[in-house]
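In what follows, every heavy atom counts, from backbone to side chain, and hydrogens, waters and symmetry copies are set aside. The first residue of the sequence shown is numbered 1, and numbering continues consecutively from there.
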Amino acid sequence: MSGGGGDGGDYARQMEQERQQRVAQAVNKINEVFGGKDHTVRQDLYNQQKKAVADLNSQEVRRQFDETARANRFGLARAGLLGGSADVDSQAELARRTDEGLMKATGLGEQSSANLREADERTRNNLISMAQSGIDTGQAAQMALAGMDVNARNAASERSGSTIGNLFSNLAWAYLYGQQMAGQNQGRAGNYSSGFGSVSPHQRYGGQIG
């Protein structure tokens, strides 16, 4: 009886050892597909993602700058304010917002790269958990490759459009200031015309002359 029990215990231990060996093999294969603990295989993709997203948003910053600068010059020119304090102030504000936008573009690239890395890490950890349930090395490799492909395609969508937002949406102030000044000048001219155009100063004077 005891011998039979011992044989059963040995068999159970052998089965557990084999299971652990399969798990270890599957985990090693998953880590191998993901490039090891340093993720060296995917590092190029992380760098490419950072650069692509940063470049895309930087281009959008420069596009917005060019568009706003043209509108700004137009407004100032119409108001005769080119070279004045409004011109200097608006140029300084344009430069400041452009610098902030380029810094934000760099940050968006870094964040996108970090998001891809985190997605890979989540996928890797999920697969390692699944390896505990018995997937073999072949399944582990296929699932790891599929997961990495999904993550890469999701990351690629971030390269299709900028997310920098409108950096200069309220910087039409120079143009609006120019329009306001022009309107005020027109208004003053209109007031003078309506107030004095049909009535002479002598007629409006109510006192005695001489």
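T137 contributes atom OG1, which lies 9.0 Å from atom CD of Q139 (distance to the nearest 0.5 angstrom). To the nearest 0.5 angstrom, K50 atom NZ is 12.5 Å from L45 atom CG. To the nearest 0.5 Å, the span separating CD on E67 from CG on N166 amounts to 8.5 Å. Between the CZ atom in R70 and the CG atom in D66 there is a gap of 6.0 Å [rounded to 0.5 Å]. For the atom pair E118 CD and N125 CG, the distance stands at 11.5 Å (nearest 0.5 Å). Interatomic distance, CG of D120 versus CE of M148, reported as 5.5 Å (0.5 Å rounding).
The minimum heavy-atom distance linking L108 with T163 is given by the pair CD1-OG1, 3.6 Å. Considering all non-hydrogen atoms of both residues, G101 and I164 come closest at O-CD1, 3.6 Å. Residues A77 and L82 share a closest heavy-atom pair of CB-CD1, 3.6 Å. Among all heavy-atom pairs drawn from L127 and F34, the shortest one is CD1-CE1, 4.1 Å. Closest non-hydrogen pair, F65 versus F168, comes out as N-CE1, 3.6 Å. Contact detail for L76 and S90: the closest heavy-atom pair is CD1-OG, 3.7 Å.
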Before you tell me yes or no, could you show the steps for R63 and Q59 under side chain to side chain contact (heavy atoms under 4.5 Å, CB included), namely the whole-Å CA-CA distance, both residues' side-chain angles and the distance that decides it to 0.1 Å? CA-CA 6 Å; R63 186 198 67 79; Q59 290 170 7; over 6 Å; no

Under the criterion side-chain hydrogen bond (donor to acceptor under 3.5 Å, both in side chains), I'd like the reasoning laid out for T123 against N151: C-alpha separation, chi angles, the key distance, then a yes or no. CA-CA 9 Å; T123 301; N151 294 341; 3.1 Å; yes

If you apply the rule salt bridge (charged side-chain N to carboxylate O under 4.0 Å, His left out), what do you find for E100 with K104, and how did you get there? CA-CA 6 Å; E100 286 185 355; K104 184 177 178 182; over 6 Å; no

How far apart are the C-alpha atoms of R19 and V23, what are their side-chain angles, what is the distance that settles it, and do they pass the side chain to side chain contact (heavy atoms under 4.5 Å, CB included) test? CA-CA 6 Å; R19 187 192 73 81; V23 169; 3.8 Å; yes

So S113 and N47, side chain to side chain contact (heavy atoms under 4.5 Å, CB included) or not? Walk me through it. CA-CA 7 Å; S113 176; N47 292 338; 5.6 Å; no

For the pair R78 and F74, evaluate side chain to side chain contact (heavy atoms under 4.5 Å, CB included) and give the outcome as yes or no after the intermediate values. CA-CA 6 Å; R78 288 196 59 177; F74 176 76; 3.3 Å; yes

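Formation of a donor-acceptor pair under 3.5 Å by the S58 side chain with backbone atoms of A105 is not found in this model. The main-chain N or O of T68 is never found under 3.5 Å from a side-chain atom of N72 such that the two would form a donor-acceptor pair. A donor-acceptor contact shorter than 3.5 Å links the side chain of T106 to the backbone of L102. Between the side chain of S133 and the backbone N or O of S129, no donor-acceptor pair lies under 3.5 Å. A donor-acceptor pair is defined here as one N or O able to donate and one able to accept, closer than 3.5 Å; no such pair exists between the side chain of S112 and the backbone of G109. Looking at Q49, its side chain does come within 3.5 Å of a backbone N or O of A155 through a donor-acceptor pair.
Side chains of D87 and L81 form no contact here, defined as non-hydrogen atoms less than 4.5 Å apart. Contact of the R159 side chain with the Q48 side chain is registered, since non-hydrogen atoms from C-beta on lie closer than 4.5 Å. Side-chain contact between R117 and Q43 is present, with at least one heavy-atom pair separated by less than 4.5 Å.
Test V53, D55, N57 against S162 for side chain to side chain contact (heavy atoms under 4.5 Å, CB included) and you get one pass: N57.
Linking Ile, Leu, Val, Met, Phe, Trp and Tyr residues whenever their side-chain heavy atoms come within less than 4.5 Å leaves L56 and L167 in two separate clusters. Under the 4.5 Å side-chain heavy-atom criterion for Ile, Leu, Val, Met, Phe, Trp and Tyr, L145 and V27 are members of the same hydrophobic cluster.
Residue pairs meeting the salt bridge (charged side-chain N to carboxylate O under 4.0 Å, His left out) criterion with at least one member in residues 132-154, sequence neighbours excluded, are D149-R153.
Side chains of E60 and Q64: a donor on one and an acceptor on the other come within 3.5 Å. In this model, a donor atom of one side chain and an acceptor atom of the other lie less than 3.5 Å apart for Q111 and N115.
Annotation: side chain to side chain donor-acceptor pair (under 3.5 Å) contacts of Q20 (sequence neighbours excluded): E16. When the salt bridge (Lys or Arg N to Asp or Glu O under 4.0 Å) test is applied to E110, no partner is found at least two apart in sequence or on another chain.
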